[in-house]
Amino acid sequence: MEEEIFKDLANKYNKASAQIILRWHIDEVNIIILGSTNKEHIKDNANIFDFSLTSDELDKIAKLNKNKRHYTPNPKLSASYVHYQINLDGQG
């Protein structure tokens, strides 16, 4: 998230770097699994559909590939996603 392109795009679109990254994944048709239980983070994660990245911006982000995994599958954690509930109304 500290890459200059993410900071620049975050400023351009008035978003956080994480939102730029999520939008890039959506535009690239990648499957993303969000794991936040923080109500504000969940709202921020969902607030990525009011802007679009240009094809040039998508290309610049794609060139950052460093062949590094940022998520390592864990069978126990993956199984827990089946029962994951998101509650945005603040009631429990």
Side-chain angles (χ1 to χ4, degrees):
M1 284 201 276
E2 298 301 318
E3 295 285 347
E4 202 61 37
I5 183 72
F6 299 133
K7 293 177 186 179
D8 291 345
L9 293 174
N11 286 330
K12 176 181 177 180
Y13 292 108
N14 197 29
K15 299 290 181 181
S17 292
Q19 290 171 301
I20 299 298
I21 294 167
L22 289 174
R23 183 66 211 203
W24 175 75
H25 281 295
I26 294 293
D27 288 346
E28 292 293 308
V29 195
N30 292 321
I31 296 171
I32 53 176
I33 299 172
L34 304 173
S36 181
T37 57
N38 179 297
K39 184 175 166 180
E40 293 306 314
H41 289 171
I42 293 168
K43 286 181 181 179
D44 287 344
N45 289 343
N47 189 18
I48 61 168
F49 298 101
D50 59 346
F51 72 102
S52 296
L53 298 170
T54 68
S55 59
D56 184 51
E57 292 165 344
L58 294 170
D59 290 343
K60 286 179 183 177
I61 294 171
K63 289 177 183 173
L64 294 175
N65 186 0
K66 296 178 181 170
N67 292 317
K68 179 181 175 185
R69 290 187 74 101
H70 293 277
Y71 174 78
T72 302
N74 172 315
K76 184 177 178 181
L77 184 60
S78 296
S80 74
Y81 293 140
V82 173
H83 304 288
Y84 190 78
Q85 295 182 2
I86 298 174
N87 184 350
L88 297 178
D89 65 6
Q91 303 292 318

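Just so it is clear, the model here is predicted, and its values are computed rather than measured. Numbering starts at 1 and runs along the sequence shown.
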Enter the distance from [X]:[atom1] to [Y]:[atom2] here, rounded to the nearest 0.5 Å.
| X | Y | atom1 | atom2 | value |
| --- | --- | --- | --- | --- |
| I61 | D27 | CD1 | CG | 8.5 Å |
| E3 | I21 | CD | CD1 | 9.0 Å |
| I5 | K12 | CD1 | NZ | 9.0 Å |

Next on the checklist: Taking side chain to side chain donor-acceptor pair (under 3.5 Å) as the criterion, tell me which of E57, R23, Q19 meets it with Y13.
Outcome noted: E57
Item to check | side-chain contact (heavy atoms from CB on, under 4.5 Å) between I26 and L22, intermediate numbers included | outcome: CA-CA 6 Å; I26 294 293; L22 289 174; 5.5 Å; no
Next on the checklist: Taking atom CG as the centre, does N14 end up with more than 12 heavy-atom neighbours from other residues, nucleotides or ligands that are less than 6.0 angstrom away?
Outcome noted: no
Checklist entry - Hey, is NE2 on H25 packed in by over 12 heavy atoms from elsewhere, all under 6.0 Å? => result yes
Checklist entry - Quick one: do D50 and K15 make a salt bridge, cutoff under 4.0 Å? => result yes
Item to check | K63 and D59 ion-paired at < 4.0 Å | outcome: no
Checklist entry - Do the non-hydrogen side-chain atoms of F6 and N11 ever get within less than 4.5 Å of each other? => result no
Checklist entry - Counting only N and O atoms by type, is there a donor-acceptor contact under 3.5 Å from the side chain of N47 to the main-chain atoms of K43? => result no
Checklist outcome for this item: Here the pair of heavy atoms bringing A16 nearest to A10 is C-CB, 3.9 Å
Checklist entry - W24 pairs by side-chain contact (heavy atoms from CB on, under 4.5 Å) with which of L53, L9, I48, L64? => result L53
